[in-house]
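Here the structure is laid out as structure tokens; the discussion comes afterwards.
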Amino acid sequence: MSTSAFGYIVLLGAPGAGKGTQAERLESDLGLPHIATGDLFRAALKQQTELGKLAQSYMDRGVLVPDDVTIAMVRERFTQPDAAKGAILDGFPRTVDQATALDAMLQERGAGVTLAPYIKVTTETLLSRLAGRWVCRRCGGVYHMLYNPPAREGVCDSCGGELYQRSDDTPATQLHRIEVYLSETAPLIEFYRDRGLLAEVDGEQNIDGVYRDLLERVRRATQRPS
Ligand code: ADP
Ligand code: ADP
Ligand code: ZN
């Protein structure tokens, strides 16, 4: 019997925990779209839209873009047909108000959050992951100069695009983003634990190890016979 994935997965974890890296893999294995609010803001910025310019002023300082702006952007993204049977949410929600808005948005379509995997790592690990992060300018693919290097330095393995370091991956902004995470986003761990949706995953393992644990939890929660 074939199976297909169905459900809305909320990836929790601090900046640099590995959410984007894992979400890329889940997307290709489960056939659910990877929706990353950071990527949506960066795409808007590249196109120099009003939304992009507004978001940049917050992103550069390592603080959160206001909830109303972020929620409206996600609501818009959810109207696209690929999100009809589920999605892998990466970097959203980041506040309790965003989580409440997400519940309401999903309820409108007769759905809800399926699972909230929490990729748990120490602050020391976060800093070494952020410091070595390189991202593809063309496809958004994520690399690390030590832990996940591209075959050719500075060049994306999957699309040949140029790799760059994000302007908010500087040491000062990194620390600030982790502080913002602890005060505004970490409360979501209890939010989802209280609802019986939290799945803790040991994020200190290498990328394959984290993925093995994560996929097992996500598969169990999302697979329906078809
Ligand atoms: P990281 O992968 O390092 O956690 P992201 O790419 O997810 O970073 O986010 C980069 C920046 O975009 C954040 O520091 C914040 O300014 C903004 N941002 C992304 N998602 C959200 C969100 N859900 N709410 C508010 N701001 C967000
Ligand atoms: P997030 O989306 O949570 O901010 P990323 O997926 O961008 O995190 O990962 C941050 C950096 O750490 C990237 O350079 C990525 O290649 C690297 N990375 C991700 N997961 C691991 C892991 N399990 N072990 C080592 N490095 C990792
Ligand atoms: Zn690429």
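One-based numbering, in listed order, for ligands and for the atoms of each. As the structure is a computational prediction, the values presented were derived from the model and not from experiment.
In terms of protein heavy-atom proximity, atom 7 (O) of ligand 2 is nearest to R133 NH1, 2.7 Å. Remark: minimum distance from atom 20 (N) of ligand 2 to any protein heavy atom is reached at I207 CG1, 3.6 Å. For atom 14 (O) of ligand 2, the nearest non-hydrogen atom of the protein is Y143 O, 2.7 Å. When hydrogens are left out, the protein atom nearest atom 23 (N) of ligand 2 is Q205 O, 2.9 Å; that is the closest non-hydrogen contact. Of the protein's non-hydrogen atoms, the one nearest atom 2 (O) of ligand 2 is G20 N, 2.9 Å. Residue, atom and distance of the protein heavy atom nearest to atom 8 (O) of ligand 2 are G18 N, 3.1 Å.
Below 4.0 Å from some heavy atom of R42 lie the following atoms of ligand 1, by number and element: 6 (O), 10 (C). Near Q98, meaning under 4.0 Å from any of its heavy atoms, are these atoms of ligand 1: 22 (C), 23 (N), 24 (N), 25 (C). Close contacts between ligand 1 and T70 involve ligand atoms 22 (C), 23 (N), 24 (N), 25 (C) [criterion: under 4.0 Å to a heavy atom]. Each of the atoms 4 (O) of ligand 2 lies under 4.0 Å from some heavy atom of P15. Close approach of ligand 1 to T37 is summarised as follows: ligand atoms under 4.0 Å from at least one heavy atom of the residue are 19 (C), 20 (N), 21 (C), 22 (C), 23 (N). Atoms of ligand 2 lying under 4.0 Å from any heavy atom of Y147, numbered from 1 in the order shown and given with element: 25 (C), 26 (N).
Atoms CD and OG1, from Q174 and T123 in turn, are 12.0 Å apart once rounded to the nearest 0.5 Å. In this structure, CZ on R94 lies 10.5 Å from CG on L12, to the nearest 0.5 angstrom.
Across all non-hydrogen atoms, the minimal contact from P93 to V10 is CD-CG1, 3.7 Å. Heavy-atom minimum distance, S167 versus D60: OG-OD1, 3.9 Å. What you find for R217 and E200 is that their closest heavy atoms are NH1-O, 3.7 Å.
At a 4.0 Å heavy-atom cut-off, ligand 2 touches V210 through the side chain alone. With a 4.0 Å heavy-atom cut-off, ligand 2 is reached by the backbone of N206 but not by any atom from C-beta on. Only the backbone of A14 comes within 4.0 Å of ligand 2, counting heavy atoms alone; no side-chain atom from C-beta on gets that close. When heavy-atom distances to ligand 1 are checked against a 4.0 Å cut-off, R129 has no atom that comes that close, whether in backbone or side chain. Residue-level proximity to ligand 2 for Q22 is absent, since no heavy atom of it falls below 4.0 angstrom.
At under 3.5 Å, not a single nitrogen or oxygen of Y58, backbone or side chain, sits near a nitrogen or oxygen of ligand 1. In terms of polar-atom proximity, defined here as any N/O pair under 3.5 Å, T21 does make such a contact with ligand 2. Any N or O atom pair closer than 3.5 Å counts here, and D90 shares no such pair with ligand 2. Between G132 and ligand 2, a contact under 3.5 Å exists for no N or O pair. The shortest N/O to N/O separation between D39 and ligand 1 does not fall below 3.5 Å. Residue G16 places at least one N or O, backbone or side chain, under 3.5 Å from an N or O of ligand 2. Looking at G91 next to ligand 1, an N or O pair under 3.5 Å apart turns up.
Remark: R177 engages D169 in a salt bridge, criterion side-chain N to carboxylate O under 4.0 Å. A salt bridge is defined here as a Lys NZ or Arg NE, NH1 or NH2 lying under 4.0 Å from an Asp or Glu carboxylate O, and D208 with R25 meets this definition.
In this structure the side chain of D202 never reaches within 4.5 angstrom of the side chain of V210, judged on heavy atoms. Residues K85 and R109 form no side-chain contact, since every pair of their non-hydrogen atoms from C-beta on lies 4.5 Å or further apart.
By the 6.0 Å and 45° rule, R195 stacks over the aromatic ring of F191.
In this structure, R166 contributes its side chain and V135 its backbone to no donor-acceptor pair below 3.5 Å. Judged by distance alone, the side chain of K46 and the main-chain N or O of G52 form no donor-acceptor pair under 3.5 Å. Between the side chain of Y181 and the backbone N or O of H176, no donor-acceptor pair lies under 3.5 Å. For T114 (side chain) and Y8 (main-chain N/O), a donor-acceptor pair under 3.5 Å exists by modelled atom type.
Between the side chains of T173 and D168, not a single donor N or O lies within less than 3.5 Å of an accepting N or O.
The Zn ion (ligand 3) forms the vertex of an angle spanning SG of C139 and SG of C156; to the nearest 10 degrees it equals 110°.
Considering K19, E184, R94 only, the shortest heavy-atom separation from atom 5 (P) of ligand 1 involves R94. Which of T95, V65, V63 comes nearest to atom 16 (O) of ligand 1 through a heavy atom is settled by distance: it is V63.
The salt bridge (Lys or Arg N to Asp or Glu O under 4.0 Å) test with E216 singles out one residue from R219, R220, R212, and that residue is R220.
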